[in-house]
Amino acid sequence: MTSVPSSSVPPGSVTRAGEWTVARRRDGSVRAVSSRCRHQLADLSKGSLDASGCLVCPWHGSRYDLDSGEMVAGPKGFLFYVGKTPGYTQMIKAYGTVLKLRRRAVREVGDELVL
Ligand code: FES
């Protein structure tokens, strides 16, 4: 079990809690998922939330649904390249649709988020 102060995850932010990435969407809901991007293992706790509440990878912009852990948009690039890669993007998305991020329940206990 791990926890982080609730105040360390304001609405619209992402942080790390042990091996997990914790995100609080703008509607206040909190989700925790595994922290390694299914593309090239970037640390998703360094990512961000987009306007629709999806977790966006900091390296190539893959997007994840926090409720299912599914990759809903593939990467735009690979290694140090960031840009259009249409066929490659769809191939990785197909993979990320099946091999979802793991999810972990989060409870607010007092001033802490407990996983
Ligand atoms: S490592 Fe996450 S999109 Fe490439």
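One-based numbering, in listed order, for ligands and for the atoms of each. Source: prediction; values computed, not measured.
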Return the name of the atom in His60, of element N, O or S, nearest to atom 4 (Fe) of ligand 1. ND1
Could you tell me whether Cys37 approaches ligand 1 through its side chain, its backbone, both or neither, with non-hydrogen atoms closer than 4.0 Å? side chain
Provide, to 0.1 Å, the distance between atom 3 (S) of ligand 1 and the closest protein heavy atom, together with that atom's residue and name. Ser62 OG, 3.2 Å
Of all the atoms in ligand 1, which lie at a distance below 4.0 Å from a heavy atom belonging to Pro75? 3 (S)
Output yes when a side-chain donor or acceptor of Ser45 lies under 3.5 Å from a complementary backbone atom of Arg16, and no otherwise. no
Among the N/O/S atoms of His39, select the one at the shortest distance from atom 4 (Fe) of ligand 1 and name it. ND1
Just wondering, is there an N, O or S atom on Cys57 that's nearer than 2.8 Å to atom 2 (Fe) of ligand 1? yes
May I ask you to list the atoms of ligand 1 that are less than 4.0 angstrom from any heavy atom of Ala42? 1 (S)
Worked verdict on Glu108 versus Arg24 for salt bridge (Lys or Arg N to Asp or Glu O under 4.0 Å): CA-CA 12 Å; Glu108 295 214 55; Arg24 187 189 301 273; 3.3 Å; yes
Is the shortest side-chain N to carboxylate O distance from Arg104 to Glu19 below 4.0 Å? no
Is the Lys NZ or Arg CZ of Arg102 less than 6.0 Å from the centre of Trp20's six-membered ring, within 45° of the axis? yes
Salt bridge flag under 4.0 Å for residues Asp67 and Arg103: no
With side-chain contact (heavy atoms from CB on, under 4.5 Å) as the test, pick out the partner of Leu44 among Val56, Leu101, Val14. Leu101
If you have a sec, work out which protein heavy atom is nearest atom 1 (S) of ligand 1 and how many Å separate them, to one decimal? Gln40 N, 3.3 Å
